[in-house]
Amino acid sequence: MYEKGRISVGQLFIIMLIYLTATSSNTNFDFIYGAQDGGFSNLFAILPGLFTLYLFLKLQERHPRKILFEYAEDILGKWPGKFVSLLYIWFTLEVAVMSARQFAEFIVSVLTPELSEQIYIIGVVLVAAYAVYRGMEAIVRFAQIAFPFYLFLLIFVNILLVGQFKLYNVLPFWDRPTGEILFASYLQYVFPLGELIFFLGFFPYLKKEKGKAWLPYLAVVLGGVYLTYRVIVSIGVLGQGTAAASSYPYIEAIRFVKIGEFVERVDILFLGIYIMVVLLEFIVMFYVLTHGVAHLTGIKSVSPLVLPLCFLTVGLAKGVIKNSLDFNMYITQIRTITSPIFTLLLPLLLLIVSRIRFGKIQDSPSNSAANNTGELADGKRVSQK
């Protein structure tokens with residue numbers, strides 16, 4: 001453990017909700033494969049997203065105040081546990097590299113086509129490095145400050161979007177083949193709902209608060225509902241053909257919003273705060289990456305690792321993919337195969353082995369104290385049954 005602070009369930013709810021709603025606004029997989037039925041695809045993706053969250057929170061409950069890289073060794077043994085940690089580190093690095101490149105592609109395409117993507121790749125990595133130096137509590141505070149502005153603009157813009165909505169653009173429902181709708185649902189689980197696994201770096205520091213354990217699950221549900229709304233309103237404004245052809249249909253729909261004859265680029269106001277919150281996606285990944293590498297190498301602080309990992313991420317982001325087409329191929333052909341290993345299979349394996357080796361958790365005062373202090377009360381945490 002490299003942090004001493006704690007975060008509340010409410011703070012986790014905010015950062016999760018930002019993550020799920022912000023990063024999904026610049027994707028179009030559900031538009032391409034689901035069209036007007038992409039809303040159903042997003043609703044179907046909520047259930048596996050909730051199951052993934054349940055697996056990781058259950059593991060955290062069994063191994064309080066420990067990050068996955070630590071309790072994997074407790075469960076599987078030293079070297080098998082390190083192998084699992086290495087797999088998660090590799091996956092986190094892979095997704096972080098793609099995320100940095102996608103962010104840069106998005107900014108260049110939407111706002112500054114005259115500038116190079118490399119500028120934004122370096123910028124987002126440096127911001128994440130600074131955030132990791134400041135620590136988890138600084139990241140959460142930034143999310144808390146940005147959230148009210150982001151939420152206000154999101155509500156404001158979408159109220160204006162309703163005025164441009166045309167119902168006939170989204171009819172008829174369930175017009176696509178069921179297989180395409182389900183494939184689109186799977187893609188939406190792979191990205192963004194399955195990326196909840198990157199909050200494994202925050203779960204060990206979560207305060208135990210009675211009556212609030214449902215808030216992280218609510219964030220997943222609200223994220224899925226928002227994804228559903230985003231598809232319906234974007235197609236209602238743009239039409240099915242235009243929405244499917246656009247790389248960023250939701251942002252394209254916002255460009256239709258104007259206030260009278262005076263304010264015609266409301267999308268610029270939205271994109272200003274939107275870019276800030278999208279940075280959180282990469283920051284969360286980079287935070288997990290640095291802590292994973294620190295644990296694997298035995299380094300006592302993450303600070304010496306930040307700069308080398310910055311260079312590694314920038315170098316890979318420049319060379320691994322060239323454009324958004326490469327990113328789309330990565331999501332649809334590679335992540336569709338690898339993602340379930342990390343979001344479902346490995347956490348399920350860890351949970352089953354933990355249950356077999358350590359038994360069932362007892363609901364006792366000693367166990368509650370263990371959760372709150374991060375220390376295991378001898379003989380009270382589990383009992384063999």
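Sequential numbering from 1 along the given sequence is applied to the chain's residues.
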Close side-chain approach of [X] and [Y], heavy atoms under 4.5 Å:
X: L53; Y: F203; value: yes
X: V306; Y: C310; value: yes
X: F286; Y: T290; value: yes
X: M285; Y: Y19; value: yes
X: L93; Y: L312; value: yes
X: L17; Y: Y226; value: no
X: Y189; Y: L344; value: yes
X: E281; Y: F198; value: no

Counting distance only, does the side-chain N/O of [X] pair as donor-acceptor with the main-chain N or O of [Y] below 3.5 Å?
X: S99; Y: V95; answer: no
X: R335; Y: L187; answer: no
X: S41; Y: A184; answer: no
X: D175; Y: L171; answer: no
X: S185; Y: A45; answer: yes
X: Q11; Y: S8; answer: yes
X: S116; Y: I119; answer: no
X: Q144; Y: F147; answer: no
X: R176; Y: D37; answer: no

Hey, is [atom1] on [X] packed in by over 12 heavy atoms from elsewhere, all under 6.0 Å?
X: F173; atom1: CZ; result: yes
X: Y133; atom1: OH; result: yes
X: Y217; atom1: OH; result: yes
X: K82; atom1: NZ; result: yes
X: W174; atom1: CH2; result: yes

Grouping I, L, V, M, F, W and Y whenever their side-chain heavy atoms are under 4.5 Å apart, do [X] and [Y] come out in a common cluster?
X: L47; Y: L351; value: no
X: I337; Y: V97; value: no
X: I283; Y: F311; value: no
X: F183; Y: M329; value: no
X: L345; Y: I334; value: yes

Applying side chain to side chain contact (heavy atoms under 4.5 Å, CB included), run through I89 and F69 and close with a yes or a no. CA-CA 9 Å; I89 290 169; F69 310 109; 3.8 Å; yes

Of all heavy-atom pairs between [X] and [Y], which one has the smallest distance, and what is that distance?
X: V277; Y: A22; result: CG2-CB, 3.6 Å
X: V220; Y: L20; result: CA-CD1, 3.8 Å
X: I46; Y: V221; result: CD1-O, 3.8 Å
X: P216; Y: L57; result: CB-CD1, 4.4 Å
X: S234; Y: F31; result: CB-CE2, 3.6 Å
X: Q118; Y: K318; result: OE1-CG, 2.5 Å

How many angstroms lie between [atom1] in [X] and [atom2] in [Y], if you round to the nearest 0.5 Å?
X: F29; Y: I32; atom1: CZ; atom2: CD1; value: 7.0 Å
X: L349; Y: L76; atom1: CG; atom2: CG; value: 6.0 Å
X: L68; Y: I75; atom1: CG; atom2: CD1; value: 8.0 Å
X: Q36; Y: Q240; atom1: CD; atom2: CD; value: 4.0 Å
X: L305; Y: T297; atom1: CG; atom2: OG1; value: 5.0 Å
X: L350; Y: R355; atom1: CG; atom2: CZ; value: 15.5 Å

Quick one: do D74 and K66 satisfy side chain to side chain contact (heavy atoms under 4.5 Å, CB included)? Show the steps, please. CA-CA 10 Å; D74 293 342; K66 288 188 176 183; 2.5 Å; yes

Determine, using ring centers only, whether [Y] and [X] are less than 6.0 Å apart.
X: F199; Y: F56; answer: no
X: Y88; Y: F342; answer: yes
X: Y287; Y: F202; answer: yes

Selection residues 158-171 - residue pairs positive for side-chain hydrogen bond (donor to acceptor under 3.5 Å, both in side chains), sequence neighbours left out: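 Matches after skipping sequence neighbours: N158-Y229, N158-Y250.
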
With no hydrogens and no angle check, do the side chains of E73 and H295 hold a donor and an acceptor under 3.5 Å apart?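 Result is yes, a qualifying pair exists.
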
Donor-acceptor side-chain pairing of Y150 and T21 below 3.5 angstrom: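 Side-chain D/A pair, Y150 to T21: present.
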
Test side-chain hydrogen bond (donor to acceptor under 3.5 Å, both in side chains) on S354 and Y71; report intermediate values, then the result. CA-CA 9 Å; S354 176; Y71 63 68; over 6 Å; no

Working for side-chain hydrogen bond (donor to acceptor under 3.5 Å, both in side chains), residues T112 and Y120: CA-CA 10 Å; T112 58; Y120 296 106; 2.6 Å; yes

Quick one: do I121 and R101 satisfy side chain to side chain contact (heavy atoms under 4.5 Å, CB included)? Show the steps, please. CA-CA 6 Å; I121 291 174; R101 183 73 190 202; 3.9 Å; yes

Please report the C-alpha distance between Y205 and E137 in whole Å, then the side-chain angles of each, then the deciding distance to 0.1 Å, and finally whether the side-chain hydrogen bond (donor to acceptor under 3.5 Å, both in side chains) criterion is met. CA-CA 10 Å; Y205 308 102; E137 288 185 319; over 6 Å; no

For the pair R230 and D30, find out whether any cationic side-chain nitrogen is under 4.0 Å from an anionic carboxylate oxygen.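 Here R230 pairs with D30 in a salt bridge, since their nearest N and O are under 4.0 Å apart.
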
I'd like to check the ring-ring contact (aromatic ring centres under 6.0 Å, His included) partners of F106; sequence neighbours left out, ordered by chain and number.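 Testing F106 for ring-ring contact (aromatic ring centres under 6.0 Å, His included), a comparison that skips the adjacent residues, returns Y248, Y274.
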
Would L196 and M16 count as a side chain to side chain contact (heavy atoms under 4.5 Å, CB included) if you check the C-alpha gap in whole Å, the side-chain angles of each, and the deciding distance to 0.1 Å? CA-CA 8 Å; L196 289 168; M16 285 178 62; 3.5 Å; yes

